[in-house]
K.L.:
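I am attaching a structure below and will ask some questions about it afterwards.
Not measured: the values here are computed from a predicted model. So you know, we letter chains A, B, ... as the sequences are listed, proteins then strands, and number each from 1.
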Amino acid sequence: MTETLIQVQDLKKYFEQNINNQHVQTKAVDGISFNVKKGEIFGLLGPNGAGKTTTIKLLLGLLEPNEGSINIFGMNPQREDVKIKEHIGYVAEEPLIFRSLTTKDLFNFISSIRKLNPSKTQKMLREYLESFEAIQYYEQILDTLSHGNKQKMQIIASIIHNPKILILDEPLAGLDAKSVKVFKEILDMHIENGGAVLFSTHIMKIAEELCDRIGIISKGKMVGIGTIDELRKQSNKLGASLEDVFLRLTDQDISVMEIIKKLRESFNNK
Amino acid sequence: MKNKFIEYYSMAKFISHEVFYEAQMKQAGSRQASFLEKCEKNKKYIGNMVVLLKIISSFMIVLLPLIYLVSGPNVLDLLVPNSNMEITVITYGIIFSILMTSYLSYLVLFGLYTMGAYMSGESFYWLRTLPISKPKLRKYAFMTLFRSIDLQLISLCLAIPIMMFIFTHNLVLTFLSFLISIPNAIFCLCFLIFIGERVSRVIFNPETTSKKSTRMKILVFSVIIGLSIGMNITLQLVFFTLEGTLAYFSLSPYTNIWNLILSLIPYPFAPIYFISLFISPTNTSLSLWATSTIGFLLFLGITYLMSRKALKSLSAVIGGRKEKKYKRKIEDLNIEEIKIEVAKYGPIKAYIKKDLTTAARDPQSAMLLIMPMIMTIIMIISFSSGLTEVSDLNIQLLSFLMVSLLIISTMNPLMLVMGLMNMEESGFAITSSLPILPRDQAKAKLILMIIIQSISFIVSTIFASIIIQSFWVVIVGLCALPISLGFLFIAFMMKIMLFGKMKYKYITEEIYKEKKIRKWLLIGLMNLGLVFLNFTIIMVLASIYMEVWFLASAMLLIGGIILCVLFVAFDKMFPSFKGYKSYITGGSLRKNPIFGAIAVLLLYWCLPFIVLNLIYLTISLFINPIIDPIGFNNIRRIVGPITEFSVLALIFIIIVPKWLSLPYGSKKLNQYLKDIKITNKQNYIKNILIGIISFLIIVFSLYMGSLIFGNYTFSFDRIFHILDTVYFGLGAFIFLYMLIPAIWEEIAFRGINTSIFKEKYNTINTIIMCGLLFGLSHLINFLTLIGESPLSTVEQIIYASFMGITLSYTYFKTRSLIPCIIIHYCFNVFGTLFIPIVFDSTLLEGIYSIIFIGIIPMILIILFVYTTQNSQILKRE
């Protein structure tokens, strides 16, 4: 019996948008339920704009759900987000990590807010920076770093306090192969120590390789959930790749075929 | 050829927009996200901004100096050619050189950023990936430059000729000055290109990260801000002191030597000297001709050299970024040498440190923090002439307070809140994942803002005390400091309430970004309104007792009260961690009915009082109540009840249901009317009858009592006498004055208060408490005491409590507010009109009013209502 760390029940979030002076309600998240248990990597997979990032923001208490409940360590992120965040690491889609601070300032700020032990953090930080080969940027202003380096800093910021849950929104974007390898090792260690990971991505290969269980989101709804084998069963495509399963479950397989056909025709007619 | 030109010109539009976008992005600093948002919302945003900037800057170039020039004393007279040519020439030389310098400064001011972005060459990178030949690319680049500042250049060419024509009406001079305007425009453009190149190196080069470059960035920003603020003031000062300066030069025995020296200076003097000699060519000395020709030729030569150099740098722009050699490459850094140190502060200190570091490296934020101080000093100085004109110290102090309070209290908080509260945007990923208590965050921001606000306030006080030359200013200023901090608090909290109110908490980040302008306007107006309210209070106090120490201590008291209230509000909005778990925003008034009732009562008493007095004060500006007391009173009697009625309507239709969310949470109007039992399902005819009969019961009791204890005397004379002096006629009395308490008191005490009490207490307790509350609320009559003795107010409190119980009971039993309103209304109208009773002693009057207005009607009406409602229940069964 493993412990459930994140529990999401029937979550709904609507946005009011004003398009051409008409109020339009978009259902960013439309009734999603899933659990993340201790010691597993749960992948949220979905096409662009499916509602992954909104779900993650709801988990962190950055947005308020219209309906449904979220439970992290038995607490409600809307009310007790501060307590929850003490044990969470978060990597956002965009590395928005204070443009005008240096790496040093950033980690001073983080360790002060998190009330970390300075000498211990110092050691950890050095190790992480060295293993990501980013130590030479320690005194640089973050804005001048490349996207990949910013992403590295963000990843280090999310793991420096040994969180119980890691919430990662497209964390591998912009990382080089070496850093990806390092990061995967870190994730493995994290899982071995009894942590949990919620991993959102739209890249199939990574999901297939890393995740224990996968939830496929499409248009704000969960269209499939389970291990890869279970998903294959659900989509009646035994032995198929995750890509095919994904396209099947998100009802995109037929439209993709049509698009490809059209493209080929126009290309050949040239 | 012409078509080619148009083709290049129209193509340049896209590149110049790109350049502008680049410049704006850099300028936005940490507010890039909101800039992008604007672009996203309005597809034409960039295009519109480009055009707007062009128009504004050409307006500034052509018209602004002219306005200052014309508004300066006697400048136009000075320009009339003098018989002494030396004096005429030096006058023209100085005035037009000032103008030319101001043109150049405005061009630099408005074009600097765009030019910096242009010179960085980033906008041409993508063009270079397309198959375009180098010469063509160069043409595009040149066209882009031209298109970016075309309007400015044209206005630059026309500005001097226009001025010349206005001043001299001399066509030859106008034409000549047009001729020299062209090299002048080229000169200015080249100057701008050189400065733009320097700026692009500092700001737009992504590789410059050193501390030196940060310092340079701040320097550049300071120069821009200083120019933009300083230009107007400098121009104003220059033109105001112009007469004196010119008088000095023209009276000096060395005028001709001055002329010779100045005419040799190639820019800005030589060209102007050269032209002004043509005013009267034969009348000038040969030596001046010689020197100004030399100076002019020098100017042409310099312009030519500069244009050659500028062309070179222009072609370097499309040639790509020059590789710069660093002294030390990042790869060469010795990893072992890097010391990793993690410091640990408290969360608030860490937050302040982070904000300060951000501000130091992000020039725009830095400016928003420094601006309040600069603005304040500028304001005080520009008002200084007004301050010193008045001789009375008290009035000086008052006007100082107005200036400083108005500016510091409305502008600075807005600037500070804008500057400090948007710093998190660029660090969203970090702040959203950290366990930061909103309280710590808000505290950190507030501490910084309070420090800046206080400094700017105190600095302005010191400046004003130097100008007025009285130490009292410092004391008054320090006493007014709490008020100004109060305004800061209000702006800060309103911003959070409007932008960051979530279900369970308030947060300092912006999550509701829609209707931004409206919200900011609301914050600004709120502050402005409060400033005016504050003024009114000060003015009223000053009219009572015009003494410095009195005003100062009154301000200190007001400020202290405001700050205390705001501290409590802050604590409610941002509870400490212990109080966090149980904390839910809203509903506290509903959960503590006594607070709710007090809030409603305070609103009921205070808001109409404040608004009425403000209106009376405004009226008294037009009709002096001392000179024309009758006219003033007449207007007062009409305006008073109407205002009171509408303010109360505002309170009970909007403020109480929407803002205080009483009695059952924020509801729509029709649901609210149902909640307070006006439009709920009920038998209207029956309830109206119940109201009328209950009133008749009261009349019966009153009449019986008067027979026993006093003498019932009725006379029409008395009625109309009262009505005319106090109430302005019978109609107004019946339909306006008496409706106010009948409707609004019933809604307040029955509709809202009983409903919220009922949520917590049982029915009997609720009825008794609400009755007592209704009685006690007449305590306010001690304050107003309209022709009544204190004893009669005590009587009123007692019988009103019984009356309150009666009405609450009726409200509960009938489930309708209608009978209550009818009883209240009839009692007020007919009680005043038809029941004047004369008593032998006050004791008898007291006994009478308690027993026959209070207790007997209470018992009878309760019995009556009880029977009517019970029979209904029987019928139903």
K.L.:
When only pairs under 4.5 Å are counted, which of A:Leu129, A:Leu116, A:Val91 shares the most heavy-atom pairs with chain B?
P.N.:
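Of the candidates given, the most pairs with chain B belong to A:Leu116.
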K.L.:
I'd like to know which of B:Thr431, B:Leu434, B:Thr357, B:Ile348 tops the heavy-atom pair count under 4.5 Å against chain A.
P.N.:
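Option with the greatest count: B:Leu434.
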K.L.:
Looking at B:Tyr351, does the NZ or CZ of B:Lys353 lie under 6.0 angstrom from its six-membered ring centre and within 45 degrees of the ring axis?
P.N.:
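That pair does not qualify as a cation-pi contact.
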K.L.:
Which one, A:Lys104, A:Lys85, A:Met75, leads in non-hydrogen pairs under 4.5 Å with chain B?
P.N.:
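When all of A:Lys104, A:Lys85, A:Met75 are compared, A:Lys85 has the most.
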K.L.:
Is chain B contacted by the side chain of A:Lys57, its backbone, both, or neither, given a heavy-atom distance below 4.5 Å?
P.N.:
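When you check distances to chain B, only side chain atoms of A:Lys57 fall under 4.5 Å.
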K.L.:
Ring centres of A:Phe42 and A:Phe199 under 6.0 Å apart?
P.N.:
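Distance test on ring centres: not under 6.0 Å, no.
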K.L.:
For A:Met189, which residues count as a side-chain contact (heavy atoms from CB on, under 4.5 Å) partner, sequence neighbours excluded?
P.N.:
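Here the qualifying residues are A:Ile186.
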K.L.:
Taking side chain as everything from C-beta outward and backbone as N, CA, C, O, which of these in A:Asn108 sits under 4.5 Å from a heavy atom of chain B? Side chain, backbone, both or neither.
P.N.:
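Its backbone and side chain both get close to chain B.
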K.L.:
Considering only heavy atoms, which portion of A:Glu93 lies under 4.5 Å from any heavy atom of chain B: side chain, backbone, both, or neither?
P.N.:
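Interface part for A:Glu93: neither.
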K.L.:
Identify which part of A:Gln154 has an atom lying under 4.5 Å from any heavy atom of chain B, answering side chain, backbone, both or neither.
P.N.:
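For A:Gln154, side-chain heavy atoms alone lie under 4.5 Å from chain B.
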K.L.:
Check whether the side chains of A:Glu139 and A:Thr102 place a donor and an acceptor atom closer than 3.5 Å, and report yes or no.
P.N.:
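No donor-acceptor contact under 3.5 Å links the two side chains.
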K.L.:
Centre of B:Phe499's six-membered ring, under 6.0 Å away, within 45 degrees of the axis: is that where NZ or CZ of B:Lys519 sits?
P.N.:
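Yes, a cation-pi geometry.
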K.L.:
Which heavy atom of B:Ala343 sits nearest to which heavy atom of A:Ser112, and what is that distance?
P.N.:
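Minimum heavy-atom separation between B:Ala343 and A:Ser112: O-OG, 3.8 Å.
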K.L.:
Please list all pairs meeting salt bridge (Lys or Arg N to Asp or Glu O under 4.0 Å) that have one or both residues in residues 152-177 of chain A, counting only residues at least two apart or in different chains.
P.N.:
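Listed by first then second residue: A:Lys52-A:Glu170, A:Lys152-A:Asp176.
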K.L.:
Relative to chain B, which of A:Ile113, A:Leu96, A:Ile167 shows the most heavy atom pairs under 4.5 Å?
P.N.:
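The candidate making the most pairs under 4.5 Å is A:Leu96.
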K.L.:
Out of B:Ile507, B:Asp440, B:Ile436, return the one with the most heavy atom pairs under 4.5 angstrom to chain A.
P.N.:
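Ranked by contacts with chain A, first place is B:Ile436.
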